[in-house]
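Below is one structure; the comments refer to it alone.
Being a predicted model, the structure only gives us computed values, none of them experimental.
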Amino acid sequence: MIGTEAFDRFVSENRWAVITTVRKSGQPSSSVVAYAREGDTLVVSTTAPTLKVKTLENDPRVTITVFNDAAPFNFVTVEGRCEIEREGLEHATHLVFENIKGSGFTEPEDLPAWLEAQRRVILRIQAERVSGVIR
C-alpha cells in the first residue's frame with residue numbers, strides 16, 4: 001500500500017504526476033510525467049538523456065506528486081528513492097501505456113524496437129514518505 005487507503009486508491013485512479021529531482025547544485029528540477037503502479041512501486045518511462053535521469057544518476061532522491069485533472073485538484077506526494085532500469089523494460093512500459101489509455105497516447109506495435117530507438121529507461125520509485133490532500 002502507498003500511504004493510507006485513500007492515498008493508495010488515489011494513486012491507482014490517476015495517471016499524471018510531477019516528478020522532482022535534485023540537481024548537483026541542490027536546485028530542484030520538475031517535469032510532468034505519466035506513471036503506473038507495479039505493486040507498491042511507481043514506474044515512469046522516460047528517455048535516458050533527460051535531465052531527470054541525469055540528476056537521479058547523481059542523487060536517487062525523488063518526489064513524485066500525483067494529481068487529478070478536475071476540481072478540487074487533490075494530490076498525493078510520494079517521497080522516496082529511485083532505481084534506474086535499463087533492461088527488461090517492456091512490462092513496466094506496458095503498464096504506463098495501460099494507465100494512460102484514452103489520453104491520446106498509444107503503445108507502439110513493436111515495443112522493444114521503440115524502447116531501443118527512444119533510448120528509454122524505467123524509473124522505479126519506492127515510497128518512503130507519503131502525504132497529500134484528498135477532499
Side-chain angles (χ1 to χ4, degrees):
M1 184 179 324
I2 296 176
T4 65
E5 284 185 36
F7 290 166
D8 189 71
R9 185 172 42 257
F10 185 82
V11 169
S12 293
E13 292 172 350
N14 290 284
R15 59 180 159 203
W16 302 108
V18 173
I19 189 168
T20 303
T21 60
V22 183
R23 297 174 191 238
K24 283 183 183 180
S25 67
Q27 185 71 23
S29 176
S30 300
S31 60
V32 175
V33 296
Y35 72 93
R37 288 187 70 154
E38 191 167 28
D40 291 339
T41 302
L42 297 181
V43 293
V44 173
S45 175
T46 191
T47 56
T50 60
L51 178 62
K52 63 183 146 289
V53 172
K54 291 176 184 173
T55 58
L56 288 165
E57 288 172 338
N58 291 314
D59 186 338
R61 293 177 299 164
V62 64
T63 299
I64 185 165
T65 300
V66 174
F67 57 90
N68 61 346
D69 54 2
F73 303 109
N74 297 319
F75 69 92
V76 170
T77 298
V78 175
E79 298 173 43
R81 300 206 177 261
C82 177
E83 293 179 14
I84 302 168
E85 296 178 354
R86 299 178 189 280
E87 296 178 6
L89 310 177
E90 290 85 359
H91 178 70
T93 303
H94 175 72
L95 292 175
V96 174
F97 274 111
E98 280 293 310
N99 201 38
I100 62 173
K101 190 182 282 184
S103 68
F105 295 93
T106 56
E107 184 173 320
E109 284 188 35
D110 187 351
L111 186 59
W114 181 82
L115 290 167
E116 187 176 335
Q118 292 278 315
R119 299 178 56 201
R120 304 298 281 195
V121 297
I122 290 293
L123 307 179
R124 184 170 298 278
I125 301 161
Q126 300 290 331
E128 295 175 356
R129 182 177 171 194
V130 182
S131 60
V133 173
I134 307 284
R135 294 176 196 85

According to a 4.5 Å side-chain heavy-atom criterion applied to Ile, Leu, Val, Met, Phe, Trp and Tyr, with indirect links allowed, do [X] and [Y] form part of one hydrophobic cluster?
| X | Y | value |
| --- | --- | --- |
| Val53 | Leu51 | no |
| Val11 | Trp16 | no |
| Val44 | Leu89 | no |
| Val62 | Val43 | no |

Return the [atom1] to [atom2] distance between [X] and [Y], rounded to the nearest 0.5 Å.
| X | Y | atom1 | atom2 | value |
| --- | --- | --- | --- | --- |
| Asn14 | Phe67 | CG | CZ | 8.5 Å |
| Ile64 | Tyr35 | CD1 | OH | 7.5 Å |
| Glu83 | Arg124 | CD | CZ | 7.5 Å |
| Glu13 | Asn68 | CD | CG | 9.5 Å |
| Thr106 | Glu109 | OG1 | CD | 9.0 Å |
| Ile122 | Thr93 | CD1 | OG1 | 3.5 Å |

**OP:** For the pair Leu123 and Ile19, evaluate side-chain contact (heavy atoms from CB on, under 4.5 Å) and give the outcome as yes or no after the intermediate values.
**Re:** CA-CA 10 Å; Leu123 307 179; Ile19 189 168; 4.0 Å; yes
Subject >> Side-chain ion pair, Lys54 and Glu57, N-O less than 4.0 Å >> reply: no
For a quick test of reading the model, state the closest non-hydrogen atom pair linking [X] to [Y] and the distance between them.
| X | Y | value |
| --- | --- | --- |
| Val18 | Ser30 | CG1-CB, 3.8 Å |
| Val33 | Lys52 | CG1-CE, 3.8 Å |
| Ala34 | Ile100 | CB-CG2, 3.5 Å |

Original post:
Are any of the side-chain heavy atoms of Val78 and Val66 separated by less than 4.5 Å?
Top reply: no
Subject >> Chi angles and distances behind the side-chain contact (heavy atoms from CB on, under 4.5 Å) call for Phe7, Ile2 >> reply: CA-CA 7 Å; Phe7 290 166; Ile2 296 176; 5.7 Å; no
Subject >> Other residues, nucleotides, ligands: >12 heavy atoms within 6.0 Å of Glu116 CD >> reply: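 Result for CD/Glu116: open.
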Original post:
If you count the non-hydrogen atoms of other residues, nucleotides and ligands that lie under 6.0 Å from CZ in Arg119, is the total more than 12?
Top reply: no
Original post:
Is it the case that Glu79 and Thr63 place a side-chain donor and acceptor less than 3.5 Å from each other?
Top reply: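 There is no such pair (donor and acceptor under 3.5 Å, judged by atom type) between the side chains of Glu79 and Thr63.
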**OP:** Mind running side-chain contact (heavy atoms from CB on, under 4.5 Å) on Trp114 and Glu107 for me, showing each step along the way?
**Re:** CA-CA 9 Å; Trp114 181 82; Glu107 184 173 320; over 6 Å; no
Original post:
Stepwise, does the side-chain contact (heavy atoms from CB on, under 4.5 Å) test hold for Arg37 with Leu42?
Top reply: CA-CA 5 Å; Arg37 288 187 70 154; Leu42 297 181; 3.8 Å; yes
Original post:
Judged by atom type as modelled, is there a donor-acceptor pair below 3.5 Å linking the side chain of Arg129 to the main-chain atoms of Thr77?
Top reply: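 Checking the backbone N and O of Thr77 against the side chain of Arg129, no donor-acceptor pair under 3.5 Å is found.
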Original post:
Would Arg135 and Asn74 satisfy side chain to side chain donor-acceptor pair (under 3.5 Å), going step by step from the backbone distance to the final call?
Top reply: CA-CA 7 Å; Arg135 294 176 196 85; Asn74 297 319; 3.2 Å; yes
